[in-house]
Amino acid sequence: MKIKNIIPIAFAAALMSSCGIYTKYERPDVNTAGLVRDSASVADTLAVADTASFGNLPWRSVFTDPQLQALIEKGLESNVNMLNAALNVQMVEAQLKVAKLAFVPSFTFSPQGTIASWDGNKATKTYSLPITASWSVDLFGNLLNQKRSAQMSLLATKEYQLVVKTKLISNIANMYYTLLMLDKQLEVVDNMASLVKETWNIMKIQKELGRTKETSVQSAESNYYSVLAQATDLKRQIRETENSLSLLLGQSAQHIARGKLDAQSLPSTFSTGVGIQLLNNRPDVHYAEMALAQCFYDVNTARSRFYPNITISGTGAFTNSGGMGIVNPGKMLFNAVGSLVQPIFQHGVLIAGLKVAKAQQEQAFNTWQNAVLSAGSEVSNALVLYNSSEEKSQLEAKQVESLKKNVEYTKLLFNDGSSTYLEVITAQQSLLNAELAKVADDFYKMQAVVNLYYALGGGRD
């Protein structure tokens, strides 16, 4: 090879390497220390020695209720967002295939035929059956970076599909446990309605015996209807939750078969793993990172547009027109052309494109960093919700036992004339509120398990 040919090639290679248009994406540094707060401390962060994560468990191992499992499976099969996410993957796979085939020459077949007559003379017939091939030489990485960007787009789309899946599983589980909570609260209210109705009857008997006034009967009656109103409101909430859950399952609104709140068994010990696992387990965090990688290659593509575009094309045709006359039968005609297009002045389009690509990369980096912080915050919130709900539920259990005794003693004292009707009604209302609060906190504890499982990236299997 002549020295005058070597110098431009060496210069181009040095120029390409300096601009980094062939470099591959590498994860930027991110500080995950102290990402998850210790739920028992105000200032300290959670120190985890193991690397196993609660989020790595298959969802069937976490949600063991057979009826809930059936609902989750139906949702994964029929939910509209899941179906659309799968179609998005198919579309991006097609786009990636196009990006890969860009390295292969393109072929076109364009037959032509002409009949011409000059001044009424005998017509002449010409024909050409050409096949044209065109190949873009990717010397400056334009096609390569477009292909890599498409690959990152596919990975991001698949991660988004997992985002939809994990969110769907957690939403179905939360709605299912909401129904169990509402069922339990309705049971508590119905039991209290019977108790309050009994108190009302006692008040009426006491009035007939002259031991109490009409106001006592009216207060007991009002309290009874108030409890019935609470039951009606709970029934409405149950129906609305069933309708919402049916929509998630991709079916018309209908009754949801379910178990009992007291029969549920959920994990009670958790390990969150080390902070770096959130970068790999959380599909939304990984989705944000793949979007960042895609922007990285888009910047490389924008840089490559400043360099020449080299195209080699060739044509082979069977034709009877060689340009100097018509011959029959036809002959094979071949030609090849090489072209180089070097952008010089494009009205600032190339510079603007590079600036936009860099700004989009910075936005994607900020979004990824925020996704990491959000993941840590969600884990922290789920842990503190579980611990606080567990503590409150234990305290409320003691409160309920105490209030049950208080209701019984107050009723006995009222029958003996040592207590007023207001004390009886107040004791019953306090018991009802405490029982409803305990049911709610038992639900919040279950909800915390679901939220933690989602926050740790669970639901893949």
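Computed from heavy atoms alone, side chains included, the values below leave out hydrogens, waters and symmetry copies. Computed from a prediction, not measured in an experiment: that's the story for all the values here.
Closest non-hydrogen pair, Trp59 versus Ile169, comes out as CD1-CD1, 3.8 Å. Shown here for Ala364 and Cys295, the closest heavy-atom pair between the two residues is CB-SG, 3.9 Å. The nearest pair of heavy atoms linking Ala150 to Leu96 is CB-CD1, 3.7 Å. Here the closest heavy-atom approach between residue Ala156 and residue Ala291 is recorded as CB-N, 4.3 Å. Thr301 and Gln146 get closest at one heavy-atom pair: OG1-N, 3.6 Å. Annotation for Ala288 and Trp368: closest pair CB-CA, 3.8 Å, computed over non-hydrogen atoms.
Between Leu195 and Met192 the shortest side-chain heavy-atom distance falls below 4.5 Å. The closest side-chain heavy-atom distance from Leu436 to Val188 is below 4.5 Å. Between Ile131 and Thr108, every side-chain heavy-atom pair lies at or beyond the 4.5 Å cut-off. Inter-residue side-chain proximity for Ser244 and Met175 is flagged as met; some heavy-atom pair is nearer than 4.5 Å. Within the 4.5 Å cutoff, no side-chain heavy atoms of Lys235 are placed close to those of Thr232. When side chains are defined from C-beta on, Leu180 does not count as touching Lys184, because their heavy atoms never get closer than 4.5 Å. In this structure the side chain of Leu432 reaches within 4.5 angstrom of the side chain of Gln230, judged on heavy atoms. The shortest side-chain heavy-atom distance between Gln369 and Leu373 does not fall under the 4.5 Å cut-off.
The closest donor-acceptor contact from the side chain of Gln294 to the backbone of Gln361 lies at 3.5 Å or more, if one exists at all. Using a distance-only test at 3.5 Å, with no hydrogens or angles considered, a donor-acceptor pair links the side chain of Asn79 to the main chain of Leu248. Judged by distance alone, with hydrogens and angles left aside, the side-chain atoms of Ser430 form a donor-acceptor pair with the main-chain N or O of Thr426 at under 3.5 Å. Side chain of Arg258 to main chain of Leu68: no donor-acceptor pair is present (N/O by atom type, distance under 3.5 Å, no hydrogens or angles). Between the side chain of Asn406 and the main chain of Ala427, no donor-acceptor pair closer than 3.5 Å is present. Proximity of a side-chain donor or acceptor of Ser78 to a complementary backbone N or O of Gly75 within less than 3.5 Å is not detected. Formation of a donor-acceptor pair under 3.5 Å by the Asp138 side chain with backbone atoms of Leu143 is found in this model. A distance-only check finds a donor-acceptor pair linking the side chain of Trp135 to the backbone of Phe103 [under 3.5 Å]. Of the possible polar contacts, one joining the Glu242 side chain to the Ile256 backbone as a donor-acceptor pair under 3.5 Å is found. When atom types are taken as modelled, the side chain of Asn223 and the backbone of Ser219 share no donor-acceptor pair closer than 3.5 angstrom.
Qualifying side-chain contact (heavy atoms from CB on, under 4.5 Å) partners for Thr311, counting only residues two or more places apart in sequence or in other chains: Ser134, Ser136, Asn309, Ser339.
Annotation: Glu26, atom CD; neighbour count of heavy atoms from other residues, nucleotides and ligands within 6.0 Å does not exceed 12. No more than 12 heavy atoms of other residues, nucleotides or ligands sit less than 6.0 Å from atom OH of Tyr444. In this structure, Ile351 places its CD1 atom where only 12 or fewer heavy-atom neighbours from other residues, nucleotides or ligands lie under 6.0 Å away. Counting heavy-atom neighbours within 6.0 Å of Arg239 CZ, excluding the residue itself, gives a total of 12 or less. More than 12 heavy atoms of other residues, nucleotides or ligands lie within 6.0 Å of CD in Gln251, so this atom counts as buried by the packing criterion.
How far CG of Leu395 is from CD of Glu390: 10.0 Å, rounded to the nearest 0.5 Å. Taking CG of Asp442 as the reference point, atom CD of Glu396 lies at 8.0 Å (rounded to 0.5 Å). Here the CG-OH distance, from Leu266 to Tyr386, works out to 8.5 Å after rounding to the nearest 0.5 Å. With rounding to the nearest 0.5 Å, the separation of OG1 in Thr410 from CD in Glu423 is 6.5 Å. Taking CG of Asn451 as the reference point, atom CG of Asn174 lies at 5.5 Å (rounded to 0.5 Å). Distance check, rounded to the nearest 0.5 Å: CD1 of Ile425 to OG of Ser216 gives 7.5 Å.
Side-chain contact, Thr199 with Gln428: a donor N or O sits under 3.5 Å from an acceptor N or O. When only modelled atom types and interatomic distance are considered, Asn142 and Ser304 share a side-chain donor-acceptor pair under 3.5 Å. For the residue pair Asp298 and Ser149, a side-chain donor N or O sits within less than 3.5 Å of a side-chain acceptor on the partner. A donor-acceptor contact under 3.5 angstrom links the side chains of Gln237 and Asp233, judged on distance only.
A distance below 6.0 Å separates the ring centres of Tyr453 and Phe63.
Look at Asp441 and Lys445 and you find no salt bridge, because none of the NZ, NE, NH1 or NH2 atoms lies under 4.0 Å from a carboxylate O.
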Give the C-alpha distance, both sets of side-chain angles, the deciding distance and a yes or no for side chain to side chain contact (heavy atoms under 4.5 Å, CB included) between Leu144 and Arg148. CA-CA 6 Å; Leu144 175 63; Arg148 289 174 175 175; 3.7 Å; yes
Assess the residue pair Lys74 and Ile172 against the criterion (side chain to side chain contact (heavy atoms under 4.5 Å, CB included)); give the C-alpha distance rounded to whole Å, side-chain angles, the decisive distance to 0.1 Å, and a yes or no. CA-CA 10 Å; Lys74 180 172 179 56; Ile172 291 175; over 6 Å; no
As a quick check of understanding, evaluate side chain to side chain contact (heavy atoms under 4.5 Å, CB included) for His286 and Glu289, giving each step before the final call. CA-CA 5 Å; His286 202 228; Glu289 185 181 2; 3.9 Å; yes
Run Val98 and Gln95 through side chain to side chain contact (heavy atoms under 4.5 Å, CB included) and show every step you take. CA-CA 5 Å; Val98 172; Gln95 294 170 351; 5.6 Å; no
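Ring geometry for Phe296 against Tyr25 counts as perpendicular: the plane angle is over 60°, on a 0 to 90° scale with 30° as the lower cut.
The salt bridge (charged side-chain N to carboxylate O under 4.0 Å, His left out) contacts involving residues 55-68 comprise Arg60-Glu73, where partners must be two or more places apart or lie in separate chains.
Each of Thr166, Val163, Val164 was scored for a side chain to side chain contact (heavy atoms under 4.5 Å, CB included) with Asp284, with one residue passing: Val163.
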